[in-house]
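Here is how names work: the chains are called A, B, and so on, in the same order as the sequence lines, proteins then strands, and each is numbered from 1.
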Amino acid sequence: MSDKKYLRNDKLPHIWCPGCGNGIVLSALERALEQANVDKDKTVIVSGIGCSSRMPTYMDFNTLHTTHGRALAFATGVKLANPELTVFVIMGDGDATAIGGNHLIHACRRNIGLNAIVVNNNIYGMTGGQYSPLTPTGMKATTAPYGMVERNFDLCELAHAAGATYVARGTVFHAKPLTDLILESMDNDGFSMVEVLSTCPIGFGRRNKIRGNYELMEWVKNRAVNVKAAAKMSEEDLRGKLLIGRLYSEPAEEYTKCYDKIIEIAGKEAKR
Amino acid sequence: MSDIRLMQGNEACALGAIHAGVRFYAGYPITPSTEIAEIMAEELPKYGGKFIQMEDEIAGMAAIIGASLTGKKTLTATSGPGFSLKQENIGYAAMAEVPCVVVNVQRGGPSTGLPTSPAQSEIMQSKYGSHGDRGAIVLTPSTVPECFRLAVRSVNLAEKYMTPVILLMDEIVGHMREAIDLEEERKAEVYDRKKPDCGPEDYVAYAPDENGAPVLAPFGAGYRYHVTGLTHDETGFSTMVPEKVERVNRRLVDKIENNKEDIVMWEETCTDDAESVIVAYGGAARAAREAVELLRAEGKKVGLFRPISVWPFPDKALTALAAKVRSVFVTEMNDGQLAGEVKKVIGGKVPVDGLFVMDGEIMTPQEIADGWKGANQ
Amino acid sequence: MPAKYQKEIDTRLCKGCGICVDLCPKEVYDRDALGKPIIARDENCVYCKQCMLHCPDFAIEFIPLKEGEA
């Protein structure tokens, strides 16, 4: 029996399919929380709807499983109402970038102190494998039977452009570096986003003829290039690749701290 | 001592909410409710509270639910289109039993409709707008002081019954100016949310109290539990076990229905000797009250029944009244939404007619009096 | 390599995805009839823990051995 410090071990086994990347992400996140030694009673885990959003169920904190796409908006309420809380927000690619895309860019813009983790398995897993804004062009999904016709987002570029002050990308293949990136993201006092390139063996892998669970992990690995290695690579070699590692770290004043100043100003006006 | 001011219903609503202890507001600008957001933006930080203008209506609703889970009293305000957008998360608040208040200053619809004109066409949406069954608390003020009073009561009921409460205003009461004695109104009692009376090890988040409502500890207080919009059992974790599913769904209805006596509010005017009663609420009740005066001046024994809580509907009081009168006349600024409920309650014992206006203009007392006469010849 | 840890596989949690078997650089594991890992060549293990880090099911534990237990 699992006895992880930050898990509700009695809730395991989880609901995910064999070989699903969600378990690897949860495991990496749990190790990051252990290494950071976070206070269980002062940490909140928020999620939206989808396979990865079931993660909080297994985590021993105040956990908030919200509506589809809205996790960041709920989390904004939690954090602003009580800035002492450490707040993680776990979302899938459809959740964060399609139905929740508006909340994502505005959470980035505000630089509110949330730690967002976007588990990108390239597909809507829970509903059976429809395409998302992160399905690579040309790949197949149940709603893209002839291949994804739309162009996909580069999520990290999107978050950076919208104002996120820490942006990183990891993968489920690189499990230990993923823990390190999550840990590092927690040091940023502001909005941090870690995109995790993950796997959906059933909804994405099989449909795209990547049949083995490990084979799909290798497919993820082969799409990724470490940002340091990329600096020495040609544009040609980088075509179609996704950079992994810490991509942006540009500290700026955190939103709830800015609001505290408003309270100070308003309080003085009230006394006048 | 008194502190009499001339102010809008929207302003009275905001001040009432602050009196009730609201310290968190998240919303999105929309006519004719925007003044509430503007006042909250200015006032809340003076009390150490927080205001945030979110990126859309949905986010405003989501943020107040998140904030409420930290133990804060929360409110948002909106109007027609925004109220439609908030529905999914209103259902979430009902399912997850997170107290919050949603003010809907009704304007003309459907769709963008008449942004600056009044209507009362969200009577049914305010109860049934979100999918699934649940009990609903919906209050409708008809004067400026009542906007203050019902804002306080909405917050109190939300915190007591752990549910979203809809304060269903309309453009008439929202934008009209009237005298209000703040000193007097600020004597209103304030209810604070229960805290667990056991330690974290014995805590069961969704175990109902004597009212059928859970006692949710503020996030960060050492009580770790799970909140979800999935159908869940008393532990808060999702379930598909039929008995457990039935139990939570039944409780969401019963915690309101079984406490109706505590929740329902209504007002009767000139009903002691009435032979007919006019039913009206919100802004439209103001014209109905004058219509009663006009008809009384002509010797017609007409009274006014004004539901203040449209949901739960004051059915017992209206049933008692219906036993004494020969007819009922409903007047509202929609196609007869509450009239349907009135007919259901009266059950054919006396005829129910009505004047239903959808032109964006408040009906005049004379129109109501004429309508009543037409129906009661 | 001298044993530093004892590996435990929780077959109740394991869903038999086979990632540990395929990923192990030293071919420590074989598959059982259900596709779940069996520790077949423990002596090959270099304790890189990659199987544990990549197990989606929290089914693999490396339990440190006390001195003399090896």
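Within 6.0 Å of CG on B:D133 lie no more than 12 heavy atoms contributed by other residues, nucleotides or ligands. Around NZ of A:K40, the count of heavy atoms belonging to other residues, nucleotides or ligands within 6.0 Å exceeds 12. In the displayed structure, A:E250 atom CD is contacted under 6.0 Å by more than 12 heavy atoms of other residues, nucleotides or ligands. Enclosure of atom CG in B:D202 by more than 12 non-hydrogen atoms of other residues, nucleotides or ligands within 6.0 angstrom is indicated.
The most heavy-atom pairs under 4.5 Å with chain B, out of A:Y255, A:F61, A:Y259, come from A:Y259. Of the listed residues A:R8, A:E84, A:K42, the one with more heavy-atom pairs under 4.5 angstrom with chain B than any other is A:R8. For the set B:A62, B:A63, B:G71, the count of heavy-atom pairs under 4.5 angstrom toward chain A peaks at B:A62. Here A:V78 is the residue among A:T43, A:V78, A:I49 with the most heavy-atom pairs under 4.5 Å with chain B. When each of A:V44, A:V46, A:T57, A:I262 is scored by its heavy-atom pairs under 4.5 Å with chain B, the top score falls to A:T57.
A:E269 CD to B:K46 NZ: the interatomic distance, rounded to the nearest 0.5 Å, is 7.0 Å. Taking NE2 of B:H226 as the reference point, atom CG of A:N62 lies at 11.5 Å (rounded to 0.5 Å). Rounding to the nearest 0.5 Å gives a distance of 4.5 Å between NE2 of A:H103 and CG of B:D56. With values rounded to the nearest 0.5 angstrom, A:R70 atom CZ is found 11.5 Å from B:I65 atom CD1. We find the CG-CE distance between A:L80 and B:M54 to be 9.0 Å, quoted to the nearest 0.5 Å. Put simply, OH on B:Y223 and CG on A:D41 are 10.5 Å apart, with the number rounded to the nearest 0.5 Å.
Two residues are said to be in side-chain contact when any heavy atoms from C-beta on lie closer than 4.5 Å; A:R54 and B:L230 meet this criterion. A:L64 is listed as a side-chain neighbour of B:L69, based on a closest heavy-atom distance under 4.5 Å. You'll find the side chain of B:P45 stays beyond 4.5 Å of the side chain of A:K261, heavy atoms only.
Residue B:F237 touches chain A through its side chain alone, counting heavy-atom pairs closer than 4.5 Å. Only the side chain of A:D260 comes within contact range of chain B, judged by heavy atoms closer than 4.5 Å. Using a 4.5 Å cut-off between heavy atoms, A:K79 does not touch chain B at all. Looking at A:R109, neither its backbone nor its side chain comes within 4.5 Å of chain B, counting heavy atoms on both sides.
Taking the centre of each ring, A:F74 and B:Y92 come in below the 6.0 Å mark.
Residues B:F219 and A:N82 share a closest heavy-atom pair of O-ND2, 4.2 Å. Shown here for B:E55 and A:R110, the closest heavy-atom pair between the two residues is OE1-NH2, 2.8 Å. The two residues B:K50 and A:A81 make their nearest non-hydrogen contact at NZ-O, 4.4 Å. Summarising the geometry of A:L85 relative to B:G220, their closest heavy-atom pair is CD2-CA, 3.7 Å, with the distance given to 0.1 Å. Scanning all heavy atoms of the two residues, the minimum distance from B:I52 to A:T76 falls at CD1-CG2, 3.8 Å.
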